[in-house]
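One structure is given here, and the rest of the page talks about it.
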Amino acid sequence: MDFSLLDQHIINGLVLGVIYAMVAVGFTLFFGVLNVIKFSHGDVLMAGSFAALIASLFLSQLGEFPTWLNLCISLLFAISIMATLGTLIAQHLVLPLRGAPPLNTLLITLMLGLAIREAVRLFYPNGSNPKPFPRLLPENSWIIGTMEIRQDTAIIIVGGLLAILILNLAIRKTRLGLSIRAVAQDPETARLMGINFKRIVLGTFALGSGLAALAGVANGLYYHEIIFDRGLFLGVIGFSAAVVGGLGSLLGAIIGGFLFAFLQTIGAIWFSVPAYKDVFAFVVIIMIMAWRPTGLLSEINSDRV
Amino acid sequence: MKTSLLQVEGLTVRFGGLTALSNLDFKLGEGDLLGLIGPNGSGKTTCFNAITGLYKKNSGSVLLRNKEITHSSPQNIYRNGITRTFQRLRLAIGLSVFDNLVIGDAMHLNTSIYFNVFRRSNLRADIKNRLEQAEEILAFFNPKLIDNIYQPIGKLSMIDRRRIEVCRALISKPSVLLLDEPSAGMTHEETRDFMTDLMEIKIKTPKLGVILIEHEMNVIERVTDRCIVLSYGKKIAEGDYRDVSTNKDVRAAYLGED
Amino acid sequence: MKKQDKYLVTYCEILLTSTITTILVVAFLIVEKEMLLGAIIGLGILGFFIAKGRGIPHKIDQVYREHPCVFYLTIVSPVIIAIVFCRHEHFALFMIASVAIYATACLGLTLQLGYTGLTNFAGAAFLGVGGYTVAVLTNQSIPNVLVILLGGLMAAIIGSLLILPVLRTRGHYAALVTIAFALLFKTFLEINDTLGGPQGLKIASFKFFGLDFNEPLLGSSFYLSYVIAALLLMLVVFIITRLIEKSWLGLHLDAVRLDETVASCFGINIAAWKILAFTLGNFFIGLAGGLYAQMLGHIAPTNFTFADSLILISIVILGGIGNPLGVIPASFLIIVLPEKLQFIQEYRFLLFSILVILVLVYRPEGLLKRGLRSFYRTWGRERKLEN
Amino acid sequence: MESMLETQNIYAGYDEADVLTGVSLKVQPGKITCLLGANGAGKSTLIRVLLGLTPARKGQVFYQTKEITNIETHNIVRQGVSTIPEGRKVFPKLTVRENLLIGAILEKSKAKAQDRMEGVLSIFPQLANRGQQLAGTMSGGEQAMLSIGRGLMGAPKLLIIDEPSLGLSPLFVKENFKVIQKIKERGITVLLVEQNVKQTLEISDYGYVLAQGQVVAHGTSSMLKSNSQMQAAYFGQGE
Amino acid sequence: SSNETDLVKIAFIGPLTGGVSANGIGGRNSADLAIKLANADTSKKYQYELVVLDDECKPNIGIQVATKAAADSKIFGAVAHYCSAVAVGTVDVFHKFALPMIVWGAVLPEITYGNDYPEIHRVNGTMINQNDVAARFMIDQGYRNWAIIHDTTDYGKGHDKYFTESIEKYGGKVLGRFGVTADQQDFNAELTKIKALKPEVLYFGGITPIGVRVRTQMDRLNIPALFQGTSGIISDAYIEGTGNLSEGTLAFREGDSAERLPGGKMFLTKYKEMEYSSPPEAYGPFAFAAANLIIRAVEAVGPDRKKITKFLNQIKDHNSVIGKISFDDNGQNMVPLITKFVVQDGKWVIWEASDYQSGQRQLSR
Ligand SMILES: Nc1ncnc2c1ncn2[C@@H]1O[C@H](COP(=O)(O)OP(=O)(O)OP(=O)(O)O)[C@@H](O)[C@H]1O
Ligand SMILES: Nc1ncnc2c1ncn2[C@@H]1O[C@H](COP(=O)(O)OP(=O)(O)OP(=O)(O)O)[C@@H](O)[C@H]1O
Ligand SMILES: [Mg+2]
Ligand SMILES: [Mg+2]
C-alpha cells in the first residue's frame, strides 16, 4: 500500500473520529440527565451550523473583519443561540413530560428534530439546498516527515479534542457535574440535597446544545458545506458511538467516535463498493454489542439485590 | 435427627478485594428456623444471593437435599424449591397485587401458547383457582389485603408490600424460604403479628426450612431454633439465641456491650 | 326500574357516541376541502371534551366489560357500515387498509416493546423482510395466503439473527443493535442488485381462490378486498396480542420487563420469553409487511428506512406504550394526518411534528394509557357481584 | 418561644384521597421533636409536605418566621434544612465519597466540605475505606449509614430524619441514637420519625403521635411515655 | 357541450419535503405557473386547478398519493414524479385508474420502456441518451480516464451503468467506480483512493447535495481531475453550494436550454413575475411543459381521461418551452437534443456559448 495514501487515510479518519466523538459526547451528556436518547441532537447540531453561517454572512456584510474575529463571533453566536434553544426545549417540552415514560421524551425529541429540520429547510432562503460554509481557518499545509496536514484539519482535531476534554473535566471535577449525575439518578433526592433540579436540567440542555453547535461549526469548517438534513444521520452515528463506547462515559464516547470513523474508513478502503462501509461498520457494531453488551467501557453495574 | 435440607460448605464470595463471605458452613434441617444475624455489611444478604445463584461463588458448595446446586441458575434453584424475599422490596409497581403474587408460582403456571391463547375456558378456571389460592395466603397474613387483590401494588403501604413479598415467596410451596429482614419498618406490634403468622405457616408446613435475617433480637429470641452470627463474612458464633447472645465476640461486634 | 332507565340512557349515549365518531372518521377520510376538514377536526375535539365531561369513556369501558355484545355492535358494525358506505372511495379505502396494516405491525412492536421491554428500532426493516419475501414468492406458483404467512415467517427467521445481541443487551444498548440493523438492511438492499436494487420489485396482485384482489370486488373499489384482508389480519393479530396479555404469558412478559432479577429468582427463563416476544412480534410485523407489499404492488428499499422504523415506534409511543388498543387511533393519527395535511404542501411535516408534540405535551402518557391487567371481562368485579 | 418549624392545619394526599387531614405541630429550636405513629399514618407524607415534595392542599408551613408552604424543595433546603429520607435514597451510581460530597453541595468551600467529611467518617468508620465503592452495591445497613452521613454533611440548622435505624444492627441502632443526641448537642434542631418508640422517647424532648392523618396526642416525651391513650393510638385501633 | 367555466383538476406530484424538495418545489411552481397562465387566458374553455401532492420521494407514499389523484374523478391528468423509484411504482396505479400522466423529472428508462401502458408519458429524456452524448463529447475533448462516484439510488446506479457502457464503447477507460450512499457526508476515504488512481475526469452520477459534497472535498484533497456531472447537478444550488469551485464543471441534460427557446424565455420571465420564493431548478421547464400539454389535451378533447390519453399519445412535434415534444409508442418524448453545460463565472452556460468552447478558457486536465 502507498504510504502517503495511508497517511491521508489516517488524517481523514482522525477528523471524522473527532467530529463523531463530539456528537457522541452530547448524547452521553443528555443520557446523563434524561436517561433517554435525544433524537433532536443531530438537528440542533445542524441548526447550530446554520446559525454560525448567518452570523458570519452578516459580519462580512458589515465590512472587513479579520477571519479569526469572524470565526469567534460566529461561533459564540451559534453556541449562545443553540444554548438558548436548548433551554427553551427543556423548559417547555422536556420538563412537562417528567412523569411520563422516558420513551415519550424520545418521541418528543424525535418530532422536535423533524420540526427543526423542516423549519431550516422552509425558512432559510432556499434552505433545502446545500450551503457553502465560509472558510474561516487557515488552509496552508504543514509537512511533518512524509505527512502533509492542512492547518484547518489540525485545528479541528485539536480543538475538538480540547472541547471534549474540558467538558470531561467539568463533569468529573466540578459540583455542576456532580449535580448533573445526581439529578440523573434520582431527581427527588437531588432536590433534597438543595440542588435546583430545574436549573440543572436547563443548564445541561444549554451545555449540550452549545456543544452541538460547536460540533456543527466544526463540521461546517471541515466540509465547507452544510445542509439541512445532515442532522439525523450524524445523530444516529453519534448515538452509536456513544453507546458502543459505553453510555455515560465521556471517554467511551471518544473511543466510540474513533472506532466508528475507523470502521468506516477501513470499510471504504476494503470494499470495491464503498457504500458497503456502513453495512460493514454496523455489522461490526452489532457483533461488538453481542460481545460487550454494555459497551466497550462498560457501565459499572450498581444494581444489587 | 432431622433430615438435612440445605447444606452450605466453605462458601466464599469476593468482590474485588473485599471478601464479603468467607468459608461459611452451615446446615439447615427440615422444619428448622435458622436466624442469620450480624452487623451491617457482614455478608448476610450476600449469603442469600449466593445460595439463590444471583452471585457467583468463588468457592464452596451448596447442596439441597444432598443434590448439588452450587452452579445452578437462579431459575433452577427456584425450581428446586428455594424462594426468597428481598431486603429492598422488589415488587413490580405497575402490576396488581394478584399479578405480583401469582408470579411467585411461575413454575406451576401453564405457559404453553396453545393453552393460554386457545383454551380460554380452561385458563379461566385455572386463574380462578389461583385467585383462591392467593386469597387464602393473603387471608393468612392480613385479610384486609384480599380486598386489594385487584389493586395496583403502588397503593399499598410499605408494610403490606412486605407482606405481599413474603406471600409471593410462599405461594409456590417451597422447601426452603429465605427471608431478608422482613420486619424492617414494622412497629413492634406488627412485627409480632407477622412472626406469629410465620410460626403458623411453620406449623402448617412442618417440613419448611426457613432462614431469617433479622436485626430485632427479641424476634430472634422468640422464633428461631438456632442462629448463626456473621461478622466480616465469617461465622463467629452458632447456637441457640441464649448461647449466642452471651457470646463475647457477638456482644462486641453486634449487640453492643452493656 | 330506575336502574334500567339509567342503562337505557347509557346505551343511548354510547350509540350516539359511536354514530358520531363513525360519521366524523368517515367524513375526515373522504373530505378534501381544508375548511371542512378543519370543521371536522374542531367538531371531533369538541365532541371529545363533551364526551369526557359526561364521563362517556368510563361508561363505555364499563358497559363493554359487562356486555360485550354492545361493544361489537358499537365498534364492529359502524366499521362495516362505514366500509360499505365507502366502497367506491378508492383512496379512503386505501388509507383504511394502510392504517390497519401499520396498526398490525405496531401490535408486533407492542408485544416486544410494550410487554417485554425489548426495544426494536428496526420495525420497518422487518416490515421490509415480509414485503420482500412476498415480492419474491408471489411471482412463483405458491398459494398467496401462504406467501404472506411465509413473509411473517421470514421476518421471524431474519430476526433470529439478532437474537444473540438482543438477548445480551438492554435498553439503549439493545436500541443500538436494532438501529444498526435497520440502517444496514436498507443500505444492503439498495447496493445489492439481487433483490431489485434501489428500484425495488414489482409484485403481482394478490389472488385468493381465484379472486384477484386488484380487480374491483363486487363492482366496488380495487382496494375493498385489501381493506377486508387488512382489517381481518389486524383483528386476528389484535385478538392474539390481547389474549397473550390477559394470560399467564402476558404476566411472564411483564415480569421480564419489570425486573429481570426477580423474574430469574422465580424461575422465569428470561431468554426464552424474550425470544418468544421478539420472534412473534417480528412475525406479526412481517405479516403486515407482506400484505402492505401486496397492496402497493411495488416495493423499494426507501420504503423501509430507519425513519420508517421511527414512525412505527412513534405510533406505539403515541398510542400509550403497551396498550394494544391505543395503537389503532395512533396509527390513524400518524398515517392519515400527514396525508390530510397535503393541502399545506411543503409545510405539512412541520405542522405534523408540531401537532404530535402538542398531543404529547397534553397527554404525556400517550393517547390511551395502559391499565392494570384484567384476565377476563368480569375481572375485579366478581367480588362486587357476589356481594 | 419562637418555633423552628411549624405547620398549621395541613391537608395533603395522593390521587384523590387525603392522607393528612389537618395536622398542626411545632418543632422547638435546639430540641429533638419526634413524630410517632403506625405504618401508613402519614408521617412520611407530612415530611414530604414540609420539604415541598408533596403539595399541601390546605394549611401552612412556617420555617423560623417565614412561610414556606409549597415553595420549591431546594429553596427550603438552602435555608438550612437537611434530610435523611425514608428508604435511604443514596445515589446508586455515585461512589460513597461522591454521595457524601453531594450532601455538602451547597458548601462552596472545598476545605469545609472536607472537614465535615472527616467528621462524618469518624462517626462511621465503616465508610472510611469504602470511598470508591459505588453506593448501589453497599449492604442495606451501610447505605443507611451513608444516608445519615450525607445528611450531616449539609451542616443544617434543622435535620429531618425519617426512620434512620431501619435495617441497622442493634449495636448501630444504639450508636445511631447517640449520634442524634450529639447532633442535638451541637445545637441542631431535629425532627425525628421512628418506629423504635422506647428509644426515641428516651432521647427526644417532645413528641407528636399521628394516626390516620391527624395528631392524636402530643406532649413532652416523659408525658407521652406514661400516656395510655397514646399507647392505644400508636399501636393501632386494637388494643 | 360543456359549460365554459367547468373546473378541471390536474394533479402535480413531486417531492415537497425532504432532501430533494428543492427540485420538487421548483417543479410545483412551474406547473402552478402553467395553470395560472391558462386561467388568465380568456380563450380557454375550462377553469383549471392544480392539486399538489407530496410524494416525499418514497415509493409507498408515491403510490398513496397517486391513488388519491387517480381516485379523484375531477382530476384528468397528472404531472408526476421527480424520483425514479417512485415513478416505477406508481405507473401501475395510473394504468389501473386510466389516469393519463406525464413524468416531468424522473429519468430511469424503465418508467416508460418497462411497460406498455398508454397512460404513461414523459417529457424529459432518459439517462441513456444523456450519457451517450456525454461520453462522445468527453472523448472528443480528449479525455480517456475516468473515476466514477455514483450514489446507490436508482438514479446514480443507472447513470453509472449507462455512462460506463457508452464510454467503453468510445474507447475510454473507467479506472475505478465508487458507489456511495445518498446520505453519506464524508467522501475523503473514497477520494483518497481516487487520488491515487490519477484519473483525468471524475464522473459523478447523483444529485446536487452529494455533488456539492464531493466537489468540495475533492478540493480538500487537491485532486486535480475535471468534475463531470449529470443532469442531477444542473441547479443553482450546485453553484451556490460549491462557490468558486464550480468553475469548469461539466454536465449534460436532455432538451434544449430554456434561454435559447422563445417559449423558454417567456417561461423564465413569467416565472420571475410570479415572485415564487424559489427557482424553477433544472426540471421546472419540464413540469411547465407537461402541465401545458395536459391543458392543451383537455382543451382539445374535453375532460375525459380516455380521450386525453389518446390525444397525448398522438403528440408529435409539439412546440414547448423545452423544444419539440414527440412521444414514441411508449409515451417517451424522443428528445432530439442533449444540451451540454459548463459552469462559467457562477452560471450554467451552454457549452457552445461558453469561453471554454471558444478557447478563451481551458478545462482542467
Ligand atoms: N455487588 C457488590 N459489589 C461490591 N460489593 C458488594 C456487593 N454486594 C455486597 N457487597 C459488599 O459485601 C459486603 C456484604 O454485604 P451484604 O449485603 O451481604 O451485607 P449484609 O450482611 O446483608 O448487611 P445489612 O445488614 O446491612 O444488609 C458489604 O460490605 C457490601 O458492601
Ligand atoms: N406515592 C403514593 N401514592 C399513593 N398513596 C401513597 C403514596 N405514598 C404513600 N401513600 C399512602 O399514604 C398513606 C400514608 O403514607 P406515609 O408513607 O406517609 O405513612 P408513614 O406514616 O410514613 O408510614 P411508614 O411507617 O410505613 O413509613 C399510606 O396509606 C400510603 O399507602
Ligand atoms: Mg442485607
Ligand atoms: Mg414513612
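A note on names: the letters A, B, ... follow the listed sequences, proteins ahead of strands, and every chain is numbered from 1. Heavy atoms only: backbone and side chains are in, while hydrogens, waters and symmetry mates are out.
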Notebook entry, point to check: Below 4.5 Å, heavy atoms only, C-beta onward: do B/R168 and C/F266 meet side chain to side chain?
Noted result: yes
Check: For the residue pair C/C265 and B/R84, what are the closest heavy atoms and their distance?
Finding: SG-CD, 4.1 Å
Checklist line | Option that, when pairs with chain C are counted at under 4.5 Å, heavy atom only, ranks first among B/V117, B/I82, B/T83, B/L95 | finding: B/L95
Notebook entry, point to check: Given side chains that start at C-beta, do those of B/Y150 and C/R373 come closer than 4.5 Å, heavy atoms only?
Noted result: no
Checklist line | Part of B/I113 within contact of chain C (heavy atom distance under 4.5 Å) | finding: both
Notebook entry, point to check: For C/D259, does its backbone N or O pair with a side-chain atom of B/R90 as donor and acceptor, under 3.5 Å?
Noted result: no
Next item on the list: Look at atom CZ of B/R119 and say whether more than 12 heavy atoms of other residues, nucleotides or ligands are closer to it than 6.0 Å.
Entry: no
Check: Looking at OG of B/S96 and CZ of C/F375, how far apart are the two atoms once the value is rounded to the nearest 0.5 Å?
Finding: 7.0 Å
Check: With a 4.5 Å heavy-atom cut-off, do C/Y376 and B/L123 have their side chains touching?
Finding: no
Item checked: Heavy-atom side-chain proximity of C/S264 to B/L54 below 4.5 angstrom -> yes
Notebook entry, point to check: Is the number of heavy atoms from other residues, nucleotides or ligands within 6.0 Å of NZ (B/K202) greater than 12?
Noted result: yes
Checklist line | Heavy-atom pair count under 4.5 Å with chain C, highest-scoring of B/Q151, B/M107, B/R79 | finding: B/R79
Next item on the list: Report, by ascending residue number, the residues of residues 236-258 of chain C in heavy-atom contact with chain B at a distance under 4.5 Å; give 'none' if the set is empty.
Entry: C/L243, C/I244, C/K246, C/S247, C/W248, C/L249, C/L251, C/H252, C/D254, C/A255, C/L258
Item checked: Separation between CD1 of C/I268 and CD of B/Q75, rounded to the nearest 0.5 Å -> 8.5 Å
Notebook entry, point to check: Is C/W379 close to B/L131 at the side-chain level, that is, under 4.5 Å between some pair of heavy atoms?
Noted result: yes
Check: Tell me, side chain or backbone of B/F98 under 4.5 Å from chain C's heavy atoms, or both, or neither?
Finding: side chain
